[in-house]
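Numbers restart at 1 for each chain; the letters A, B, ... are given by sequence-line order, proteins then strands.
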Number of protein chains: 2
Amino acid sequence: MATAGAKRRKPGRAPPRAVGLTREAVIAAALEEIDAIGLHGFSIRGLARRLGVNPTVVVWHLGNRNLVLAEVVKTVQRDLVPPRPSGQPWQERLRQVFLRSREAVRRHPNVAPLIGAEIVSNARPDLGLVEALLEALSEAGFAGDALRRAYNATQAALVGFTTQELAQMPGEDLPGWREEMRQHLDRTDPSAHPILAREMPHLRNRAFILRWQNGVEMPMDDSFALYVDCFIAGLAARAPG
Amino acid sequence: MATAGAKRRKPGRAPPRAVGLTREAVIAAALEEIDAIGLHGFSIRGLARRLGVNPTVVVWHLGNRNLVLAEVVKTVQRDLVPPRPSGQPWQERLRQVFLRSREAVRRHPNVAPLIGAEIVSNARPDLGLVEALLEALSEAGFAGDALRRAYNATQAALVGFTTQELAQMPGEDLPGWREEMRQHLDRTDPSAHPILAREMPHLRNRAFILRWQNGVEMPMDDSFALYVDCFIAGLAARAPG
DNA sequence: ACCTGAACACCGTTCAAGT
DNA sequence: ACCTGAACACCGTTCAAGT
């Protein structure tokens with residue numbers, strides 16, 4: 001009972017269409033998918049549906065799921081490469097890197113956990129940012145082991161705030177979770193937590209641990225500015241130069 | 001063909017044993033499982049195997065996978081509650097909180113990503129740490145919106161370093177990934193990245209982005225110390241008090 | 001209250017086969 | 001080189017049924 005006009009072949013086997021998919025196109029689609037539905041729901045099969053191909057095609061082009069994510073991270077981080085030195089003092093150059101990094105991640109907030117909490121399977125990290133940090137810190141007078149410490153502290157600070165600001169929301173029953181969180185905060189016991197109870201009007205949904213929206217809906221710009229200022233000022237006070 | 005001595009019942013249905021499992025026992029086992037195999041491999045079914053029960057039992061006790069993880073995070077964070085004020089200046093008290101937080105997370109490094117990059121579905125966060133931070137920062141002279149900014153900056157700094165230090169390694173082909181990373185670093189182009197190339201002996205596997213082991217195997221104590229000092233000094237310089 | 005077991009709708013990945 | 005499709009060994013969660 002073959003369909004009229006159909007060539008003879010094993011039943012149910014469609015002819016491969018020349019989709020013309022490239023590695024780059026798969027990566028771009030993966031980033032779109034993650035932007036749209038988040039990291040929790042991301043799957044190779046879902047990505048394949050978006051692309052209109054068989055799931056195995058994604059594996060063929062990228063290898064496996066982790067490697068897809070690694071390429072997505074690389075794409076997001078490409079935006080982050082700092083400008084060449086501009087005659088400004090190192091503190092100001094460093095501050096620019098902090099601001100630009102946050103902006104780059106904010107463009108793809110769902111990727112934030114991969115950048116902040118995973119050594120993603122990326123064997124060829126972009127070293128441009130590393131060099132830029134080392135340059136600024138060298139100018140500040142750090143060298144040798146002190147340069148290593150300063151670099152590590154800076155790198156941690158660079159990623160830390162934004163990772164938390166854009167922390168992933170619970171995947172399910174978001175409205176219920178939010179309502180529970182709101183009620184829990186409103187029931188703060190002033191005898192157990194006097195300062196918190198007093199300051200709650202300033203803090204409700206605008207402070208870590210005390211919020212029910214993340215930085216996508218409630219950005220924390222002014223806190224980030226203080227964070228950057230504190231860190232760079234502390235670094236400057238410890239710089240040999 | 002029922003086994004001799006077996007009571008008559010539907011074939012293959014074993015009698016429920018009185019396992020006597022409690023919610024707390026399930027949570028404790030979940031933490032053990034994550035300590036042992038990491039977050040990537042953690043599953044309700046695997047946890048059930050460890051407990052010797054049907055997977056549905058875990059769901060019955062905890063609700064779902066996310067709620068299991070939320071309870072695990074709560075357990076780890078319980079270790080983190082700071083000591084009561086001790087007459088020391090606020091800078092020193094804050095420093096103690098930083099050190100204690102890192103130690104608490106280091107005891108369960110595989111949980112780090114949940115703490116640093118997810119607003120875990122926890123409707124009843126422990127507010128003891130929040131109050132301790134607010135107390136120290138109030139003593140420093142911060143109030144109102146300035147207190148909020150200082151609290152957010154501190155909270156971000158508190159979690160940022162350790163989350164990255166303990167970032168999850170790639171789940172598969174670890175040896176291959178490590179070898180590739182080593183080779184990539186050794187091939188650093190001195191004309192493109194002169195400072196990095198020169199400083200590589202100090203940085204290899206001891207600096208973010210340039211390492212193939214995480215903080216479990218290669219702790220970054222001295223960098224963390226600088227990070228904490230910088231942040232608190234910067235904060236002190238901006239404190240109204 | 002606490003447990004088993006079957007079932008459902010998903011996964012990632014491998015393998016053989018097509019063009 | 002690039003694609004389809006079947007198959008395998010997993011998932012989380014729901015539902016009915018036992019004691």
Side-chain angles (χ1 to χ4, degrees), chain A residues 2-3 6-27 29-30 33-34 37-72 121 170-173 176, chain B residues 2-3 6-27 29-30 33-34 37-72 121 170-173 176:
Chain A
T3 311
K7 289 251 174 68
R8 259 314 170 92
R9 68 174 67 85
K10 282 195 184 150
R13 169 148 304 215
R17 295 155 301 146
V19 177
L21 215 52
T22 62
R23 197 182 141 82
E24 286 66 37
V26 176
I27 296 166
E33 180 87 344
I34 292 171
I37 69 167
L39 225 39
H40 286 121
F42 176 76
S43 71
I44 284 191
R45 287 180 118 104
L47 173 57
R49 278 192 291 273
R50 169 182 286 263
L51 289 164
V53 296
N54 201 286
T56 54
V57 174
V58 174
V59 176
W60 191 88
H61 277 287
L62 270 304
N64 62 42
R65 195 192 126 104
N66 275 342
L67 294 174
V68 177
L69 295 179
E71 291 301 327
V72 166
S121 342
E172 54 197 22
D173 190 26
Chain B
T3 310
K7 290 253 176 65
R8 260 312 173 90
R9 67 172 70 83
K10 282 195 184 150
R13 168 150 305 214
R17 294 155 303 147
V19 177
L21 215 51
T22 62
R23 196 183 143 84
E24 286 67 35
V26 176
I27 296 166
E33 179 88 344
I34 292 172
I37 68 166
L39 224 39
H40 285 120
F42 176 77
S43 71
I44 284 191
R45 288 181 117 104
L47 174 56
R49 278 191 291 273
R50 169 181 285 264
L51 289 164
V53 297
N54 201 287
T56 53
V57 174
V58 175
V59 176
W60 191 88
H61 277 286
L62 269 304
N64 62 41
R65 196 190 124 104
N66 275 342
L67 294 174
V68 176
L69 295 178
E71 292 301 326
V72 166
S121 343
E172 54 197 23
D173 190 27

**OP:** Please state how far atom CG in A:N54 lies from atom C1' in C:dT14, giving the value in whole angstrom units.
**Re:** 12 Å

Original post:
Does B:V26 reach the side chain of B:V57, with side-chain heavy atoms less than 4.5 Å apart?
Top reply: no

Original post:
What is the minimum heavy-atom distance between A:E33 and A:L47, and which atoms define it?
Top reply: OE2-N, 4.0 Å

Original post:
In whole angstroms, how far is the P atom of C:dC2 from the CG atom of B:L51?
Top reply: 15 Å

Original post:
Of all the base pairs, Watson-Crick or G-U under 3.5 Å, which form stems of three or more consecutive pairs involving DNA chain C?
Top reply: C:4-8 with D:12-16, C:12-16 with D:4-8

Original post:
Is it true that a side-chain atom of B:N64 and a backbone atom of B:L67 form a donor plus acceptor pair closer than 3.5 Å?
Top reply: yes

Subject >> Heavy-atom pair with the smallest gap, counting every atom of A:R23 and A:E71 >> reply: NH2-OE2, 3.1 Å

**OP:** Kindly state each residue pair satisfying salt bridge (Lys or Arg N to Asp or Glu O under 4.0 Å) with at least one member in residues 60-69 of chain B, sequence neighbours excluded.
**Re:** none

**OP:** Using the side-chain hydrogen bond (donor to acceptor under 3.5 Å, both in side chains) rule, collect all pairs that involve residues 39-49 of chain B, keeping only residues at least two apart or in two chains.
**Re:** A:E118-B:H40

Original post:
OP1, OP2 of C:dC3 versus side-chain N and O of B:H61: anything below 4.0 Å?
Top reply: yes

Sub-3.5 Å pairs of nitrogen or oxygen atoms, protein against nucleotides 10-13 of chain D:
| residue | atom | partner | partner atom | Å |
| --- | --- | --- | --- | --- |
| D:dC11 | OP1 | B:R49 | NH2 | 2.9 |
| D:dG12 | OP1 | B:I44 | N | 2.9 |
| D:dG12 | OP2 | B:I44 | N | 3.1 |
| D:dG12 | OP2 | B:R45 | N | 3.1 |
| D:dG12 | N7 | B:R45 | NH1 | 2.5 |
| D:dG12 | O6 | B:R45 | NH1 | 2.9 |
| D:dT13 | OP2 | B:R65 | N | 2.9 |

**OP:** Using side-chain contact (heavy atoms from CB on, under 4.5 Å) as the criterion, list what pairs up with A:V59, not counting sequence neighbours.
**Re:** A:I44

Subject >> Non-hydrogen atoms of B:A30 and B:V68 that approach each other most closely >> reply: CB-CG1, 3.7 Å

